[in-house]
Amino acid sequence: MSAPLNGLNFLQQRNSAPRLTEPGPSADELEQMLLCALRSPDHARLRPWRFVSIQGDRRVAFGELLRASLLRRDPDADQIAQDRALNAPLRAPLVIAVIVSLVEHPKVPFWEQRLSAGCAAFSLSLAAEAMDYAAIWRTGAFAEDEQLLRDIGGAENEEFVGFVYVGRRDGPAKPIPPMETAEFHRVW
Ligand SMILES: Cc1cc2nc3c(=O)[nH]c(=O)nc-3n(C[C@H](O)[C@H](O)[C@H](O)COP(=O)(O)O)c2cc1C
């Protein structure tokens, strides 16, 4: 059975939003988003994803951690770069750190577990858009920082998959570049 056209349109028009504003999702809406993420494909049901949501004043504390991360990487970082790190979490009302929790498994290599957690990150974005919010998945050097991960409670066997920023779209949606499936698909 084919998907309803509105569902297809929704998927085909999905559009990240670099500029996000208040309000963010309510506690119930965040719960809905997480429930969607928990339905991500997952070989052997390892449930390799973890989510840390950061909202309100906690974003300020998280910004301090980002600045500390920057200064570990670049002790000479100038004030502009430090302020950018400090203010990064304030770019949206809600930031969700998506983490993969890796376990040795005879049939599920780490790369599969990372992909599964990546699907969860994307599901969060889709769920946000389905509730009239917008989102953007960001990584950058912060996502590589093990100390930052520990600072927010990540374990030895965990890695960042990224940070999903969520809020209302601020300004018009960016144009979606036209693309042809033929460029990416061939029949074999
Ligand atoms: C794993 C991953 C990491 C990303 N990291 C960043 C990032 O650090 N900064 C950024 O501006 N966009 C990043 N992006 C891209 C945005 O999430 C988004 O896809 C891009 O702005 C294009 O918008 P679109 O998704 O609407 O096509 C990342 C995407 C993925 C899948």
I need the minimum non-hydrogen distance between Leu71 and Ala77, along with the two atoms involved. CD2-CB, 4.1 Å

Check for a donor-acceptor pair, side chain of Glu22 on one end and backbone N or O of Pro93 on the other, with a separation under 3.5 Å. no

Taking the side chain as every heavy atom from C-beta outward, state whether Leu11 and Leu126 have any pair of such atoms under 4.5 Å apart. yes

Could you walk me through whether Met33 and Tyr133 pass the side-chain contact (heavy atoms from CB on, under 4.5 Å) test, one step at a time? CA-CA 11 Å; Met33 291 168 59; Tyr133 294 95; 5.8 Å; no

Any sub-3.5 Å donor-acceptor pair from Trp137's side-chain atoms to Val161's backbone N or O? yes

Rounded to the nearest 0.5 Å, what separation is found between the CD atom of Glu112 and the CG atom of Asp42? 10.0 Å

Nearest-0.5 Å distance that lies between atom CG in Leu94 and atom CG in Leu20: 10.0 Å

Does Phe142 reach the side chain of Leu65, with side-chain heavy atoms less than 4.5 Å apart? no

Shortest non-hydrogen separation from Val108 to Ala44 and the atoms involved: CG2-CB, 3.7 Å

Indicate yes or no for a side-chain donor-acceptor contact from Arg59 to the backbone of Ala92 under 3.5 Å, with no hydrogens or angles considered. yes

Greater than 12 external heavy atoms within 6.0 Å of Asp57's CG: no

Hydrophobic cluster identity match, Val98 and Phe163, side-chain contacts under 4.5 Å: no

Taking atom CE of Met179 and atom CD of Gln12, what is their separation to the nearest 0.5 Å? 11.0 Å

Is there a path of hydrophobic side-chain contacts, each under 4.5 Å between heavy atoms of I/L/V/M/F/W/Y residues, joining Phe51 to Tyr165? no

Distance col, row His43:NE2 vs Leu115:CG, nearest 0.5 angstrom, shows 12.5 Å

Take atom CD1 of Ile176 as the centre, draw a 6.0 Å sphere, and report whether it contains more than 12 heavy atoms from other residues, nucleotides or ligands. yes

Within-4.5 Å side-chain heavy-atom neighbours: Leu30 and Gln55: yes

Scanning both residues in full, the closest heavy-atom pair of Arg138 with Pro18 reads NH2-O, 3.3 Å

Between the CD atom in Glu31 and the SG atom in Cys36, the distance rounded to the nearest 0.5 Å is 10.5 Å

Would you confirm whether Arg14, through its side chain, and Glu129, through its main-chain N or O, come within 3.5 Å as a donor-acceptor pair? no

Give me the atom names and distance for the closest heavy-atom approach of Ala85 to Leu70. CB-CD2, 4.2 Å

Above 12 or not: heavy atoms from other molecules or residues under 6.0 Å from CZ of Arg73? yes

Do other residues, nucleotides or ligands put more than 12 heavy atoms under 6.0 Å from the CZ atom of Arg168? yes

Please determine whether side chain to side chain donor-acceptor pair (under 3.5 Å) holds for the pair Gln32 and Asp28, giving the CA-CA distance in whole Å, both sets of side-chain angles, and the decisive distance to 0.1 Å. CA-CA 6 Å; Gln32 295 300 319; Asp28 283 350; over 6 Å; no

According to a 4.5 Å side-chain heavy-atom criterion applied to Ile, Leu, Val, Met, Phe, Trp and Tyr, with indirect links allowed, do Val52 and Leu34 form part of one hydrophobic cluster? no

More than 12 heavy atoms of other residues, nucleotides or ligands under 6.0 Å from CD of Glu146: yes or no? no

Would Asn15 and Arg169 satisfy side-chain contact (heavy atoms from CB on, under 4.5 Å), going step by step from the backbone distance to the final call? CA-CA 10 Å; Asn15 198 346; Arg169 195 181 293 277; 3.9 Å; yes

Hey, what do you get for CZ (Arg50) to CD1 (Ile99), rounding to the nearest 0.5 Å? 9.0 Å

Looking at every non-hydrogen atom in both residues, tell me the closest pair between Ala37 and Ala120 and how far apart they are. CB-O, 3.7 Å

Compare all side-chain heavy atoms of Leu90 with those of Val60 and state whether any distance is below 4.5 angstrom. yes

Note, Ser116 side chain near Trp49 side chain (heavy atom, < 4.5 Å): yes

Same hydrophobic cluster for Val164 and Met131, using side-chain heavy-atom links shorter than 4.5 Å among ILVMFWY? yes

Compute whether any side-chain donor of one residue and acceptor of the other, for Asp83 and Gln79, lie under 3.5 angstrom apart. yes

For Glu159, the salt bridge (Lys or Arg N to Asp or Glu O under 4.0 Å) test, sequence neighbours excluded, returns Arg114

How about Leu102 and Glu158: do any of their side-chain heavy atoms sit closer than 4.5 Å? no

Is any side-chain heavy atom of Glu104 closer than 4.5 Å to a side-chain heavy atom of Phe110? yes

Which atoms form the tightest heavy-atom contact between Pro25 and Glu29, and what is the distance? CA-OE1, 3.3 Å

Are Phe122 and Leu124 connected into the same hydrophobic cluster when the rule is that any two of I, L, V, M, F, W, Y join if their side-chain heavy atoms are below 4.5 Å apart? yes

Examine distances only and state if a side-chain atom of Gln113 and a backbone atom of Val103 form a donor-acceptor pair shorter than 3.5 Å. yes

Arg39 atom CZ: more than 12 heavy-atom contacts under 6.0 Å: no

Are the side chains of Phe62 and Leu148 in contact, using a 4.5 Å heavy-atom criterion? yes

